[in-house]
Amino acid sequence: MDLLPRTLFRPEHDAFREQVRRFCEKEIAPHHAAWEEAHAVPRALWQQAGRQGLLCCWLPEELGGPGGDLLFDFIVAEELARIGATGPGFALHSVIVAPYIAHHGTASLKARVLPAMARGEAIAAIAMTEPGTGSDLAAIRTTARRDGGEWVIDGQKTFITNGHNADLVVVACKTDPDKGSHGVSLLVVPADRAGFSRGRNLRKIGQHAQDTAELFFDGVRVPADHLLGEENRGFRYLMQELAQERLLVSVGCQARAEAAYAATVAYVRDRKAFRQRIADFQNTRFQLAGLFAQLQAGRSYCDRLLELHLAGQLDAVGASAGKLWHSELLGRVADECLQLHGGYGYMQEYPIARAFVDARIERIYAGTSEIMKEIIARGVLDDPQRR
Ligand SMILES: Cc1cc2nc3c(=O)[nH]c(=O)nc-3n(C[C@H](O)[C@H](O)[C@H](O)COP(=O)(O)OP(=O)(O)OC[C@H]3O[C@@H](n4cnc5c(N)ncnc54)[C@H](O)[C@@H]3O)c2cc1C
């Protein structure tokens, strides 16, 4: 399917994409259904990906990474999306968690953690959400208190992506519970610490190969230098880094929507009803033409957001608008494409069925559509600089 030509990538990105595509087709696609049954991907896959330079691609060599740029990580995300592989949580590890440590960790923490993350030997997660609060991050109740040279963490998190496989977790804690968002700090917790435990690998309606866990912290002790940045400034760091997380959702949604569309074009060309191809009904043609136009708009929008982000110019409002728009685009595309498959669209072995259920979460995690609208509205209506 030819959408608009993309101008972001250099020849080394194109060569890398070919390498990632081969890896996805050989090492991931044939096994993904089994991982969906197992509700996790094997740890060995992470090490394979690390050896191929597919993890933390943007991380400079001096911090133990391959020394590429963010586009390489986004290529990995796009290629996984292209084959509908929702299991490997590489993007969360590389594009969401690693930056917190690289931007806010001490030199010794970075040296201990980041090279292992790039090699796929340490799998990372980020834990903000709790059973009692998700959107209202300032209301978290997990606490960290200083005791000599250590932090002591107590509390509970839920819905944590990579939670079952994780070797280390960036945990949002209250270090000054009376100060709301000004009392939040981020701590890196290795999973082998006494008092750390995992609950159920949660059963979801989609993204079955992705491990999603409850985490418990019962007097977990970590050294003082596991604090990221300054005490009580965690909320600010979260707000800064969430723009990149939301851009990643835009990138993934656009790629998934394109894949769902391509599968549907192939299906309607093949399937017949009333002695003609489904592709020959005017309804099918108009639906697919309309979606094509939306995908073109989405592709240009997504690449422009990427370009702005690489130039350091994508702000919270811009990233939120993109996340809102692309996650809703994917919802529409998956729904309309499923309809064109008829009953087969409801059968799990058809990629469109999985794409449909896998898509639903995109409007919820990384900030719900309603929270995205709130951020955009605040920017448009309340920020004097935007008036
Ligand atoms: C599969 C999966 C993976 C996840 N991965 C992670 C992870 O790795 N790390 C992590 O920390 N979290 C993760 N999450 C949690 C996710 O980010 C939260 O579920 C999400 O932010 C919503 O929070 P909530 O579930 O508590 O919903 P709530 O905050 O309870 O929201 C319920 C409803 O109320 C609406 N609402 C809330 N506040 C407002 C408002 N101010 N105005 C209007 N409407 C509002 C919401 O939009 C929603 O429709 C994951 C969740 C899932 C399901």
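Reckoned from all heavy atoms, side chains included, excluding hydrogens, waters and symmetry mates. All ligand and atom numbering here is 1-based and tracks the order in the structure. Here, residue 1 is the first one in the sequence, and each next residue gets the next number.
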Under a heavy-atom criterion of less than 4.0 Å, does Lys204 contact ligand 1?
yes
Tell me if a side-chain donor or acceptor on [X] pairs with a main-chain N or O of [Y] at a distance below 3.5 Å.
X: Lys204; Y: Gln210; result: yes
X: His13; Y: Arg10; result: yes
X: Asp167; Y: Ile123; result: yes
X: Arg203; Y: Asn201; result: yes

Proximity of [X] to ligand 1 by residue part, where a heavy atom lies under 4.0 Å:
X: Thr368; value: side chain
X: Thr161; value: both
X: Ile371; value: side chain

Short side-chain donor-acceptor distance under 3.5 Å, Gln19 and Gln52
yes
Between Phe16 and Leu54, does a side-chain contact (heavy atoms from CB on, under 4.5 Å) hold up when you go through it step by step?
CA-CA 9 Å; Phe16 181 72; Leu54 310 193; 3.7 Å; yes
Looking at ligand 1, does any of its N/O atoms fall within less than 3.5 Å of an N/O of [X]?
X: Ile160; result: no
X: Ile126; result: yes
X: Thr212; result: no
X: Thr158; result: no

Tyr344 vs Tyr350 aromatic rings, parallel, tilted or perpendicular, using cut-offs 30° and 60°?
tilted
For atom 24 (P) of ligand 1, grab the closest protein heavy atom and report residue, atom and distance to one decimal in Å.
Gly134 CA, 3.9 Å
For atom 4 (C) of ligand 1, what's the nearest protein heavy atom and its distance?
Phe159 O, 2.9 Å
Atom 46 (C) of ligand 1 protein-contacted, heavy-atom criterion under 4.0 angstrom:
yes
Fellow cluster residues of Val171, listed by chain then number, with links counted only when side-chain atoms sit under 4.5 Å apart:
Trp151, Ile153, Ile160, Val169, Leu187, Val189, Phe196, Leu215, Phe217, Val220, Val222, Leu227
Nearest non-hydrogen contact with atom 29 (O) of ligand 1 belongs to which option: Gly367, Ala172, Ser135, Gly132?
Ser135
